[in-house]
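Written out below as structure tokens is the structure these notes cover.
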Amino acid sequence: MKKLTTKRFLQTLSEMFPDAHCELNHRNAFELTIAVLLSAQCTDKKVNQVTERLFEKYKTPEDYLAVSLEELQEDIKQIGLYKNKAKHIQELCRMLLEQYNGEIPDKHEELVKLPGVGRKTANVIVSTWFGVPALAVDTHVERIAKRLGFCEETDTPLQVEKTLMKKIPKAEWTNSHHRLIFFGRYHCKAQNPQCAVCPLQDACPAFQRGLKKTKKTAIN
DNA sequence: CTCCCGATAT
DNA sequence: ATATCAGGAG
């Protein structure tokens, strides 16, 4: 099997998903932060369904602090992990008002101090909203990097991020991040990967190992 | 490492 | 019935 070069990988992704972008609906940095925080272990589609109502009711940090924790929990319950997320949102809003003049900071090191905001979420915020090159590694990016052999199977998300940043030019980090998400979400899916129609099949280590469970084989 | 957790796809 | 979903905190 021939080695999959970074160049071919990036070229293929750009052809498959030229318009890859952030699919979490938002109108400002504050809404983006809430949306990304809510998106942990949940689909973007469900987050958008909930935030459509949520962002009409809550427009400022003060709004989230004006209701009880229980009321906020009910408003985001469909997302899952709602007790932690509701608590994080209110504590995040309190910190924004007390330490950041009510505004979302534009620095990664400040963002990760916010409750419910870890490295991945901070990377999404700085790259998507503030235009700072970053490569957020979520469940999709990690899965793709490992299937295609860009990193070790046992690597942590941080190790995957460092490896990808070395292989991909800085100017392409944010684009590549979104294309990796689309590739993982719509093509190289966790449960039903489209190996049969994959342009990278010939150079995919996972496919060689027998990943191709795209169809049930007939019983002989 | 475990826990958080409802909705959806398979 | 089980796996997975734009993870983070303790």
Side-chain angles (χ1 to χ4, degrees), chain A residues 13 17 19-26 29 31-54 69-70 72-95 108-130 132 134-147 154-161 164 173-196 206 211-217:
Chain A
L13 282 189
F17 306 104
D19 57 347
H21 60 281
C22 176
E23 294 197 297
L24 292 167
N25 295 334
H26 62 281
E31 288 188 350
L32 175 62
T33 301
I34 299 294
V36 181
L37 187 155
L38 289 173
S39 71
Q41 296 295 292
C42 183
T43 59
D44 280 17
K45 180 183 290 187
K46 176 55 66 177
V47 173
N48 286 335
Q49 286 175 18
V50 169
T51 57
E52 183 173 4
R53 299 182 281 99
L54 197 72
L69 180 60
E70 291 73 19
L72 182 55
Q73 284 179 3
E74 284 303 315
D75 288 336
I76 66 170
K77 201 156 199 167
Q78 294 181 309
I79 300 280
L81 309 180
Y82 61 93
K83 289 182 180 176
N84 285 338
K85 290 173 181 177
K87 181 155 55 75
H88 290 154
I89 287 173
Q90 287 197 325
E91 289 175 356
L92 180 150
C93 288
R94 200 170 293 120
M95 192 176 297
H108 181 98
E109 56 177 306
E110 298 299 323
L111 285 166
V112 294
K113 294 178 183 174
L114 299 172
V117 177
R119 183 176 185 84
K120 176 257 169 179
T121 298
N123 277 339
V124 171
I125 295 168
V126 296
S127 62
T128 297
W129 189 263
F130 294 111
V132 179
L135 245 168
V137 175
D138 69 347
T139 180
H140 295 299
V141 176
E142 180 176 353
R143 183 179 68 253
I144 302 310
K146 289 179 178 178
R147 279 183 179 171
T154 55
D155 281 357
T156 65
L158 179 58
Q159 290 174 306
V160 175
E161 181 183 334
L164 290 177
W173 286 354
T174 302
N175 269 343
S176 299
H177 157 69
H178 286 127
R179 287 168 182 167
L180 276 161
I181 301 283
F182 271 57
F183 184 73
R185 182 177 294 162
Y186 302 114
H187 183 84
C188 193
K189 298 181 284 187
Q191 291 195 322
N192 191 21
Q194 306 296 300
C195 303
L211 175 65
K212 56 171 179 6
K213 48 182 176 181
T214 48
K215 279 182 184 172
K216 293 178 185 173
T217 49

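Per chain, numbering begins at 1; letters A, B, ... match sequence-line order. Every value quoted in this text rests on a predicted model; they were computed, and no experiment measured them.
- Comparing the same atom, P, in B/dC4 and in C/dA6 gives a spacing of 22 Å after rounding to whole Å.
- Summarising the geometry, the separation between CG on A/Asp138 and P on C/dG7 is reported as 5 Å, rounded to the nearest angstrom.
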request  = List the steps, then state whether side chain to side chain contact (heavy atoms under 4.5 Å, CB included) holds for A/Asp138 with A/Val141.
outcome  = CA-CA 5 Å; A/Asp138 69 347; A/Val141 176; 3.2 Å; yes
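- Two residues are said to be in side-chain contact when any heavy atoms from C-beta on lie closer than 4.5 Å; A/Ile181 and A/Glu23 fail this criterion.
- Rounded to whole Å, the distance from CG on A/Asn192 to P on C/dC5 is 13 Å.
- Counting only heavy atoms from C-beta outward, the side chains of A/Leu13 and A/Leu180 approach each other to under 4.5 Å.
- For A/Lys189 and A/Lys77, each mapped to the nucleotide of DNA chain B holding its nearest heavy atom, the one lying further toward the 5' end belongs to A/Lys77.
- Distance A/Gln78 CD to B/dT8 P: 8 Å, rounded to the nearest Å.
- Of the candidates C/dA9, B/dC5, C/dA6, the closest approach to any side-chain atom of A/Lys83 belongs to B/dC5.
- Note: NZ (A/Lys85) to P (C/dC5) measures 13 Å, nearest angstrom.
- Two residues, A/Glu23 and A/Lys87, neighbour DNA chain C, and the one matched to the more 5' nucleotide by heavy-atom proximity is A/Glu23.
- The residue A/Leu32 sits apart from the nucleic acid: no heavy atom pair falls under 4.0 Å.
- In this structure, A/Phe182 has its ring center at least 6.0 angstrom away from the ring center of A/His187.
- Rounded to whole angstrom, the span from the CG atom of A/Asn84 across to the C1' atom of B/dG6 amounts to 14 Å.
- Put simply, A/Arg185 has a side-chain N or O that comes within less than 4.0 Å of OP1 or OP2 on C/dA6.
- B/dC5 and C/dG10: their P atoms are spaced 14 Å apart (whole Å).
- Counting only distance, with no hydrogens or angles, the side chain of A/His177 and the backbone of A/Ala136 share a donor-acceptor pair below 3.5 Å.
- A tilted orientation is assigned to the rings of A/Tyr186 and A/Phe17, their planes being inclined by 30° to 60°.
- C/dG7 atom C1' lies 11 Å from atom CD of A/Glu142, rounded to whole Å.
- Nearest nucleotide to the A/His140 side chain, out of C/dC5, B/dT10, C/dG8: C/dC5.
- Under 4.0 angstrom from either OP1 or OP2 of C/dT4 there lies no side-chain N or O belonging to A/Arg143.
- Atoms CD1 (A/Ile79) and P (C/dA6) sit 11 Å apart, rounded to a whole Å.
- Of the residues in residues 38-51 of chain A, those placing a heavy atom less than 4.0 Å from an atom of DNA chain B are A/Gln41, A/Lys46, in numerical order.
- For the pair A/Glu110 and A/Lys113, the salt-bridge criterion is met [side-chain N within less than 4.0 Å of a carboxylate O].
- Side chains of A/Ser39 and A/Lys120 form a contact here, defined as non-hydrogen atoms less than 4.5 Å apart.
- Closest to the side chain of A/Tyr82, out of C/dA6, B/dG6, C/dG7, is B/dG6.
- Between A/Leu37 atom CG and B/dC5 atom P there is a gap of 13 Å when expressed in whole angstrom units.
- The side chain of A/His177 lies closest to C/dA6, out of C/dC5, B/dC4, C/dA6.
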